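Quick note: numbers below take in every heavy atom, side chains included, and nothing from hydrogens, waters or symmetry partners. Just so it is clear, the structure is predicted and the values come from calculations on it, not from any experiment. Chain identifiers are assigned alphabetically (A, B, ...) following the order of the sequence lines, protein sequences preceding nucleic acid strands; residue numbering begins at 1 within each chain.
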2 protein chains.
Amino acid sequence: MGGLILSLVEENYIKAIYHLENEVKGDVSTNAISDEVKTKPSSVTDMVQVLAEKDLLIYKKYKGVHLTKKGKSAAMKVIRKHRLWETFLVEKLNFQWDEVHDIAEQLEHIHSDALVDRLDDFLGNPEYDPHGDPIPDAEGNLKSRNKKVLSHIPENEVVICVGVKESGSDFLRYLDKRNINIGTEIKVLGKEFDGSMDLLVNSKPFSVSEQVAGNLYVQPI
Amino acid sequence: MGGLILSLVEENYIKAIYHLENEVKGDVSTNAISDEVKTKPSSVTDMVQVLAEKDLLIYKKYKGVHLTKKGKSAAMKVIRKHRLWETFLVEKLNFQWDEVHDIAEQLEHIHSDALVDRLDDFLGNPEYDPHGDPIPDAEGNLKSRNKKVLSHIPENEVVICVGVKESGSDFLRYLDKRNINIGTEIKVLGKEFDGSMDLLVNSKPFSVSEQVAGNLYVQPI
DNA sequence: AATATTTTTTAGGACTACCTAAATTATATG
DNA sequence: CATATAATTTAGGTAGTCCTAAAAAATATT
Ligand SMILES: [Mn+2]
Ligand SMILES: [Mn+2]
Ligand SMILES: [Mn+2]
Ligand SMILES: [Mn+2]
């Protein structure tokens with residue numbers, strides 16, 4: 001109950017593995033983890049053995065890794081903190097949505113259940129972070145929205161932007177410059193041969209590349 | 001400019017040494033530091049050599065240590081963060097003043113100048129933290145108040161409580177229970193043979209031990 | 001199926017921050 | 001001032017996390 005404390009590094013591995021599990025089918029590979037946490041594969045092998053020892057994940061040599069219940073719950077706690085802090089930074093400290101990730105990477109490792117709960121209340125128990133990602137509740141439950149990637153939306157459908165897939169600074173600032181935000185209404189006018197899409201954004205015609213269309217989450221109106 | 005990054009442990013040593021310099025006359029001793037940071041003296045010897053190498057302090061074997069300008073400035077940054085976060089926790093998240101220190105011990109190590117500045121603004125640029133300690137400004141300047149320890153106040157003088165010397169939980173909760181807070185008006189009625197003092201607190205007679213009187217900072221009205 | 005390539009692990013270190021025990025220097029006491 | 005005591009440093013080690021290079025296993029290609 002309650003008192004499991006992981007090191008900053010352990011938390012980063014657990015979070016990375018959690019995110020990777022949602023991207024690949026089976027177990028998560030050593031190389032994938034090493035990409036995500038920016039260490040060498042041999043370091044990953046070291047660390048997954050430590051994490052397996054702590055029952056945070058199941059590790060089979062050469063076969064990869066998957067989180068246990070305990071590991072998933074630890075991941076959710078970190079992700080909850082990350083997204084709450086990002087929300088705080090944007091809602092209360094007036095940061096832009098492209099500025100908050102790195103700071104939240106630090107804040108997510110602060111250990112205090114009381115702090116997280118009070119922060120949550122202070123923010124009005126938000127359901128989504130500034131990038132449209134859902135914020136787990138105190139029990140680690142995620143409410144998932146049936147969002148779709150913009151590039152999968154057929155012609156003439158009207159949707160609203162609800163999030164971004166990869167929230168890199170460059171991409172977020174691109175959206176800012178075009179006044180595309182969470183909540184922005186988008187009508188799909190048509191698709192071009194190169195995957196780019198012709199849209200009506202804020203009632204003005206606008207085209208986006210395949211890459212941009214593939215990074216925007218939208219929801220039917 | 002700006003980009004000096006110290007490890008969490010280094011920051012704790014620098015902060016400890018800064019606080020000790022304000023308590024003792026000459027250089028700060030190895031043993032004093034080891035008490036403050038809760039490591040063994042031999043570990044302190046290791047670390048002060050590292051910090052001396054980084055020009056954060058001057059170390060003379062067997063003679064102790066004192067911070068350089070660079071070291072003092074690093075200390076002020078950490079203290080500024082600590083006290084701003086404590087203020088945030090009390091003012092915005094409704095923590096009690098005895099609950100915030102340990103959380104601030106973690107938050108003070110978050111590295112982001114933008115975050116600190118915005119937090120400062122969000123809090124309305126407070127001058128004092130919940131324990132009455134002054135908050136350094138962004139340049140590291142401390143405005144010091146001419147506060148006195150309650151036990152040094154002569155009979156019949158009326159003062160207000162402006163802070164506490166040692167802000168341990170037990171002491172703070174003792175004050176809470178007696179409705180003594182920052183801003184509370186105190187009249188000194190007399191002193192007893194054992195160092196205890198008879199007071200008028202919130203217009204009601206109240207006696208405090210020598211220890212309590214020696215831990216309360218007050219200011220003439 | 002044999003071989004080439006890629007992935008993963010192992011072996012052996014490095015670095016930070018800590019520790020214990022022993023040696024050294026400083027200080028206090030008779 | 002000589003000696004006992006206290007403070008400090010040195011020597012040698014540990015734990016956590018990372019690394020490079022080499023070995024082993026898995027996978028892909030012919
Ligand atoms: Mn983020
Ligand atoms: Mn986010
Ligand atoms: Mn404090
Ligand atoms: Mn304080």
Above 12 or not: heavy atoms from other molecules or residues under 6.0 Å from CD of Glu210(A)?
no
Of the candidates dC18(D), dC19(D), dC18(C), the side chain of Val9(A) sits closest to dC18(D)
OP1 or OP2 of dT10(C) sitting under 4.0 Å from any side-chain N/O of Lys61(A)?
yes
With a non-hydrogen cut-off below 4.0 angstrom, is Thr30(A) in contact with a base, only sugar-phosphate, or nothing?
sugar-phosphate
Output the rounded distance in Å from CG (Leu8(B)) to P (dT17(D)).
14 Å
How do Lys63(A) and Asp46(A) order along DNA chain D: which one's closest nucleotide is nearer the 5' end?
Asp46(A)
Just the rounded figure in Å: distance from C1' of dT8(D) to CG of Asp35(B).
14 Å
Of the candidates dT9(D), dC18(D), dC19(C), the side chain of Met47(A) sits closest to dC18(D)
Base dT16(C) to side chain Ser7(B), donor-acceptor N/O within 3.5 Å cut-off:
no
Could you measure the distance from the CG atom of Asn31(A) to the NZ atom of Lys40(A)? Nearest 0.5 Å is fine.
10.5 Å
Under 4.0 Å from OP1 or OP2 of dT10(D): is there any side-chain N or O of Tyr62(B) that close?
no
Please confirm whether the shortest side-chain N or O distance from Ser43(B) to OP1 or OP2 of dC19(C) is below 4.0 Å.
yes
When rounded to whole Å, the CD to P distance for the pair Glu10(A) and dA15(D) reads 15 Å
Under a 4.5 Å cut-off applied to non-hydrogen side-chain atoms, are Val116(B) and Arg80(B) in contact?
yes
Could you tell me the separation between the CG atom of Leu6(B) and the P atom of dT16(C), rounded to a whole number of Å?
14 Å
Counting the atoms with a prime plus P, OP1 and OP2 as sugar-phosphate, which does Thr39(A) contact under 4.0 Å by heavy atoms, base, sugar-phosphate, or nothing?
sugar-phosphate
In whole angstroms, how far is the P atom of dA17(C) from the CD atom of Glu11(B)?
11 Å
Any Tyr59(A) side-chain nitrogen or oxygen under 4.0 Å from OP1 or OP2 of dT9(C):
yes
Any N/O donor-acceptor pair, Ser42(A) side-chain to dT20(D) base, under 3.5 Å
yes
Counting just side-chain N and O atoms, does Gln49(A) come under 4.0 Å of either OP1 or OP2 of dT10(C)?
yes
Determine whether Thr45(A) and Lys61(A) make a side-chain contact, defined as any pair of heavy atoms from C-beta on separated by less than 4.5 Å.
no
Rounded distance in Å - CD1 (Ile33(B)) to C1' (dA7(D)):
13 Å
Would you call Glu86(A) and Pro130(A) a side-chain contact if the rule is heavy atoms closer than 4.5 Å?
yes
In whole Å, I'd like the distance from the NZ atom of Lys54(A) to the C1' atom of dA15(D).
11 Å
Spacing between Leu51(A) atom CG and dC18(D) atom P, to the nearest angstrom
10 Å
Looking at Thr45(B), does any N or O in its side chain come under 4.0 Å of the phosphate oxygens OP1/OP2 on dT10(D)?
no
Under 3.5 Å, is there a donor-acceptor pair between the His101(B) and His82(B) side chains?
yes
Short side-chain N/O contact from Asn31(A) to OP1 or OP2 of dT6(C), under 4.0 Å
no
